[in-house]
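To keep things clear, I will list the structure first and then write my remarks on it.
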Amino acid sequence: MMRIDILTLFPEMCESVLKESIVGRARERGLVEINCRNIRDYTRDKHGRVDDTPYGGGLGMIMQVEPIYDCYASLCEDIGKKPYLIYLSPQGKVLTQQRVKELSRLDNLALLCGHYEGVDERVIEEIVDEEISIGDYVLTGGELPALVLTDSIARLLPGVLAADEAFELESHYSGLLEYPQYTRPYEWKCMQVPEILLSGHHANIECWRRERALERTFQRRPDLLENAKLNSKDKAFLDKLKQENKRGG
Ligand code: SAM
């Protein structure tokens, strides 16, 4: 079973999310182990401080190296080995579904959440294996990014999603955005569900969905098409879209 340990100053914030819904159920069913470790428990400061002002001056506070290192060392001792440690950071490589898929194959993962102005650089040099960002914007702490990463990994683990919630067809997994989806009622505000979805003709429905996925990706994220797995039928359909686009524009 995969084990994820989140090293954070706000374990309750993480727990409040991790106990809910699909991930919460997966934990209860023993499909994934997720623990939160409070970095503050490892400070040697009698006032419980874990941060200090930056050398050289400047605004804000920096998380100190010792509590983080001691927290990590106690984790290594508990699990008897070094987990793969990811520091959630706006300076890291932006997370992709491909990276999520690769990380979901590891046995042990530890996620370090920064706060304030970030962590002392020596933490990164000494113990961090990889820095991951969840996007080109800055948050107040690494907890939300760690939860994003945990959620995206957990749902790929065997048994976590029911068979009818399979992730293989979803946006990004196949390199394309997903086709549009509908459920009851059939008509809402004069908008009807596309007739083909009611036809019961599975091959035609598959074809329609594939074309809508290609169309969406072409319109919204054409950059994804460069790495998507496309067959000759897909390519012919995309050529048609490009021609129509040229004529329209
Ligand atoms: N001073 C840092 C910098 O400019 O790179 C930013 C620190 S940020 C205010 C505080 C913490 O939030 C970081 O240590 C990191 O753990 C987390 N964080 C903020 N934005 C993030 C993002 N886009 N992806 C991942 N983690 C992020």
Side-chain angles (χ1 to χ4, degrees), residues 2-18 20 23 32 34-45 48-76 82-106 108-156 171-172 221 223-224:
M2 184 178 198
R3 172 173 171 154
I4 301 175
D5 289 273
I6 303 180
L7 280 45
T8 169
L9 289 174
F10 299 93
E12 293 87 5
M13 176 178 171
C14 299
E15 270 301 337
S16 69
V17 172
L18 295 168
E20 300 290 343
V23 174
V32 59
I34 308 173
N35 309 297
C36 302
R37 224 165 247 252
N38 193 342
I39 296 169
R40 202 177 295 280
D41 290 345
Y42 297 85
T43 179
R44 295 174 202 179
D45 180 87
R49 277 185 66 175
V50 288
D51 59 348
D52 210 331
T53 53
Y55 272 115
L59 296 174
M61 301 296 275
I62 309 297
M63 283 174 70
Q64 293 172 292
V65 62
E66 291 115 321
I68 296 175
Y69 183 78
D70 290 351
C71 180
Y72 170 75
S74 94
L75 170 63
C76 296
K82 289 184 176 175
Y84 190 74
L85 180 64
I86 295 173
Y87 171 45
L88 284 310
S89 158
Q91 300 186 27
K93 221 167 167 190
V94 176
L95 187 62
T96 60
Q97 186 66 25
Q98 179 56 31
R99 191 67 193 127
V100 171
K101 214 191 306 180
E102 290 158 5
L103 292 171
S104 73
R105 295 186 192 121
L106 300 181
N108 286 95
L109 209 55
L111 309 180
L112 172 61
C113 308
H115 229 87
Y116 316 115
E117 281 310 308
V119 301
D120 186 309
E121 189 66 20
R122 290 167 293 184
V123 168
I124 300 169
E125 279 168 27
E126 184 67 17
I127 58 175
V128 169
D129 294 300
E130 179 175 351
E131 288 181 65
I132 288 183
S133 164
I134 61 158
D136 291 339
Y137 43 84
V138 180
L139 299 157
T140 55
E143 285 71 19
L144 292 172
L147 292 169
V148 166
L149 182 56
T150 303
D151 187 284
S152 61
I153 290 173
R155 66 195 294 284
L156 297 190
S171 295
H172 296 292
R221 291 291 306 276
D223 56 301
L224 295 179

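Treat the numbers as computed from the prediction; the structure is a model and nothing was measured. Atoms within each ligand, like the ligands themselves, are counted from 1 in listed order.
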Pairs of nitrogen or oxygen atoms closer than 3.5 Å, one from Leu139 and one from ligand 1: do any exist?
yes
Side-chain heavy atoms of Asp70 within contact of Arg44, under 4.5 Å:
yes
Which of the numbered atoms in ligand 1 are under 4.0 angstrom from any heavy atom belonging to Val138?
8 (S), 9 (C), 20 (N)
4.0 Å heavy-atom contact, Ile134 with ligand 1:
yes
Taking the side chain as C-beta and beyond, is there a heavy-atom pair between Tyr72 and Lys82 under 4.5 Å?
yes
Atom 13 (C) of ligand 1: the protein heavy-atom neighbour that sits closest, reported with distance to 0.1 Å
Tyr87 OH, 3.7 Å
With heavy-atom distances below 4.5 Å as the criterion, would you say the side chains of Met63 and Val123 are in contact?
no
With the side chain counted from C-beta on, respond yes when Ile86 and Leu112 share a heavy-atom pair under 4.5 Å apart, and no when they do not.
no
Taking the side chain as C-beta and beyond, is there a heavy-atom pair between Arg99 and Lys93 under 4.5 Å?
no
Could you tell me which atoms of ligand 1, counted from 1 in the order shown, lie closer than 4.0 angstrom to a heavy atom of Gln91?
3 (C), 5 (O)
Could you tell me the residue and atom name of the protein heavy atom closest to atom 25 (C) of ligand 1, and the distance to it rounded to 0.1 Å?
Ser89 N, 3.3 Å
Honestly, for Thr140 the part within reach of ligand 1 (heavy atoms, under 4.0 Å) is backbone
Within 4.0 Å of some non-hydrogen atom of Tyr116, the atoms of ligand 1 are 7 (C), 8 (S), 9 (C), 10 (C)
If you compare Pro90, Gly92, Gly58 by their heavy atoms, the one closest to atom 27 (C) of ligand 1 turns out to be Pro90
Provide the number and element of each atom of ligand 1 under 4.0 Å from a heavy atom of Gly114.
11 (C), 14 (O), 16 (O)
Identify, by atom number and element, the atoms of ligand 1 in contact range of Pro145, meaning under 4.0 Å from any of its heavy atoms.
25 (C), 26 (N), 27 (C)
Element-labelled atoms of ligand 1 that are located less than 4.0 Å from some non-hydrogen atom of Ile132:
25 (C)
Distance filter under 4.0 Å to Gly135 heavy atoms, resulting ligand 1 atoms
23 (N)
Distance under 4.0 Å to a non-hydrogen atom of Gly142: what atoms of ligand 1 satisfy this?
12 (O), 16 (O), 17 (C)
Listing request: all salt bridge (charged side-chain N to carboxylate O under 4.0 Å, His left out) pairs with a residue in residues 110-119, at least two apart in sequence or in separate chains.
none
Any Ile134 side-chain heavy atom under 4.5 Å of Leu144 side chain:
no
Given Glu131, Met63, Glu117, which has its nearest heavy atom closest to atom 2 (C) of ligand 1?
Glu117
Determine, considering heavy atoms only, which of Leu112, Ile86, Ile62, Leu88 sits nearest to atom 16 (O) of ligand 1.
Leu88
Beyond-backbone contact of Thr8 with Arg37, side-chain heavy atoms, under 4.5 angstrom:
no
Less than 4.5 Å apart, side chain to side chain, heavy atoms only: is that true for Asp120 and Tyr69?
no
Please state whether Asp136 comes within less than 4.0 angstrom of ligand 1, counting heavy atoms only.
no
Just how far is it from atom SG of Cys76 to atom CD1 of Ile127, taken to the nearest 0.5 Å?
8.0 Å
